[in-house]
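Just dropping this structure here.
Letters A, B, ... mirror the listed sequences (proteins, then strands); counts begin at 1. Source: prediction; values computed, not measured.
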Amino acid sequence: MSDWPFEYQIDSPDVNLAMCVRSGQVFRWRIRGHLHWGVIAGAAFVIEVDGNRWHVQSNANPSECRRIFGIDVDQTQLWAKILAGDFGLADALKECYGLRMITQDDPVETLFSFLCSANNHISRIEGMVNCLSEYGEVLGEWSGKTWRVFPSLDVLTCIGESELRAKGFGYRAPRISQCAKRALELGGIDWLNHLKTIPADEAMEQLQLLPGVGPKLAECVALFGLGHQSVVPIDTHMWNATTRRYFPELLGTSLTDSRRNLVRDEFRRRFGDLAGLAHQVVFVDEMRNWRLRR
DNA sequence: TAGGGACCTGCC
DNA sequence: GCAGGTCCCT
């Protein structure tokens, strides 16, 4: 057992980790009281939140940590811009204090995490993602745990259907290796990284060449894994929230491609490049209300 | 182009 | 019964 490569403190981070997790950006992050731990962007973290200070153990140095969690982002400025796009979000913005877009940089992990998410619920998705990450290379052994990066496309192609069936993947079991194979045919990790550099809409079109990837997953991968900040992932919750807020005449109708475009255009018109972050605010607010209703 | 059904599994 | 969809079919 070796020590963590880096141990440091971050003073007054204006970031609420629990809020970032609640907004559905990451699946490999655990919280127990003041203790947070997980792997993000190929870096392992144990973070103890001590009042106004983070005690961090990681293989990522302080500047990498600050970048990943958006520590130095000026939230006041962002919130003002979102508020200007829709004054009706004032209350939701207050509830979302400390929310950030986490910089993940690992489109493979994002892609396969959301591949597990279709027609599924969070607790099982997390279990499945953790299961897949067991196939990843070891980052290190710290704090009594073996920390792993998410497996590469090559490794994912080798995971058999029966193996994943046995681990409770259900009908998604064959999709993992199928999707990985197709991604390799399209150019593998270089192709995925290239999608960061082209317009968001083109990137999403390309992503949908993958089996099991429809518009919603393409949106999630584009926003969370490729860093396309203007993308708005629209799931059932977002559709409910958005019709209530902006398209009351469509309340109760089903979400089609054309209506999806309608929502995307409305968010871009209102929030521009902050459309993705505005989406997070609306999503967190909607999920909070949804839980309260139940 | 809109609507409807099947799909694994686990938790309500 | 339903869940942070996708795919296939009218």
request  = For this output row, return yes or no: ring centroids of A:Phe114 and A:Phe224 closer than 6.0 angstrom.
outcome  =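 Here the rings of A:Phe224 and A:Phe114 have centres that are less than 6.0 Å from each other.
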inquiry  = Using OP1 and OP2 only, check whether a side-chain N or O of A:Arg291 sits under 4.0 Å from C:dA3.
reply    =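 No, no such contact exists.
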A:Arg30 and A:Glu126 ion-paired at < 4.0 Å =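 No, this pair does not count.
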ask   = Quick one: is A:Thr236 getting a side-chain N or O under 4.0 Å of the C:dG4 phosphate, OP1 or OP2?
value =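 The answer is no; no side-chain N or O of A:Thr236 sits under 4.0 Å from OP1 or OP2.
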Spacing of A:Leu186 atom CG and A:Leu153 atom CG [to the nearest 0.5 Å] =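 CG of A:Leu153 is found 10.5 Å from CG of A:Leu186.
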ask   = Taking a pair as Watson-Crick or G-U wobble with both distances under 3.5 Å, which nucleotide is matched to C:dG4?
value =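 Because no pair has both required distances under 3.5 Å, C:dG4 counts as unpaired.
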task = For B:dT1 and C:dG5, measure between their P atoms and round to the nearest Å.
result =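 It works out to 22 Å between them.
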request  = Look at all strands and tell whether A:Ile122 reaches a base, only sugar-phosphate, or nothing, counting heavy atoms closer than 4.0 Å.
outcome  =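 Since a base atom lies under 4.0 Å of A:Ile122, the category is base.
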ask   = Does B:dG4 have OP1 or OP2 sitting under 4.0 Å from an N or O in the side chain of A:Ser254?
value =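 No.
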From B:dG3, C:dT6, B:dT9, nucleotide with atom closest to A:Pro215 side chain =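 Out of B:dG3, C:dT6, B:dT9, the nucleotide with an atom closest to A:Pro215's side chain is C:dT6.
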inquiry  = Using a heavy-atom cut-off of 4.0 Å across all strands, would you classify A:Thr253 as base, sugar-phosphate, or nothing?
reply    =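 Since no nucleic acid heavy atom lies under 4.0 Å of A:Thr253, the category is nothing.
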query = Pick the nucleotide of DNA chain B nearest each of A:Ser123 and A:Asn119; which residue has the one closer to the 5' end?
reply =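 So the residue in question is A:Asn119.
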ask   = Expressed as a whole number of Å, how far does the P atom of C:dC9 sit from that of B:dC8?
value =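 Between the two P atoms, the distance is 16 Å.
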message = Nearest 0.5 Å, please: how far is OG in A:Ser143 from CH2 in A:Trp37?
response =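 It is 10.5 Å, given to the nearest 0.5 Å.
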query = Counting any heavy atom closer than 4.0 Å, what does A:Gly24 reach on the DNA or RNA strands: base, sugar-phosphate only, or nothing?
reply =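 A:Gly24: base contact, heavy atoms under 4.0 Å.
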ask   = Of all the nucleotides listed (B:dG10, C:dG5, B:dA2), which has the minimum atom distance to the side chain of A:Leu217?
value =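 Nearest to the side-chain atoms of A:Leu217, counting from C-beta on, is C:dG5.
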message = What is the distance, to the nearest angstrom, from the OH atom on A:Tyr171 to the C1' atom on B:dC8?
response =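 To the nearest whole Å, that distance equals 7 Å.
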request  = With P as the reference atom in both, quote the distance from C:dG4 to B:dA2 in angstrom, rounded to an integer.
outcome  =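 After rounding to an integer number of Å, I get 24 Å for this pair.
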ask   = To the nearest Å, how far apart are A:Leu164 CG and B:dC7 P?
value =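 Value for this atom pair: 20 Å.
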message = Can you measure A:Glu161 atom CD to B:dC7 atom C1' for me and round it to whole angstrom units?
response =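 After rounding, the reported distance stands at 13 Å.
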request  = Give one of base, sugar-phosphate or nothing for A:Trp290, where a contact means two heavy atoms less than 4.0 Å apart.
outcome  =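 Here A:Trp290 touches the backbone only, sparing every base.
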request  = Give a yes or no on whether a salt bridge exists between A:Glu161 and A:Arg165, defined as a side-chain N under 4.0 angstrom from a carboxylate O.
outcome  =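 A:Arg165 and A:Glu161: salt-bridged.
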task = May I ask you to say what A:Arg172 touches in the nucleic acid, namely base, sugar-phosphate or nothing, with a heavy-atom cut-off under 4.0 Å?
result =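 Contact class for A:Arg172: base.
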ask   = Below 3.5 Å, does any donor atom in the side chain of A:Arg175 face an acceptor in the base of B:dC8, or the other way round?
value =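 No, the side chain and the base share no sub-3.5 Å donor-acceptor pair.
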inquiry  = Would you say A:His121 places a side-chain N or O within less than 4.0 Å of OP1 or OP2 belonging to B:dC11?
reply    =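 Looking at the OP1 and OP2 atoms of B:dC11, neither is under 4.0 Å from any side-chain N or O of A:His121.
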ask   = To the nearest angstrom, how far is A:Met128 atom CE from B:dC7 atom P?
value =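 Going from A:Met128 (CE) to B:dC7 (P), I get 17 Å.
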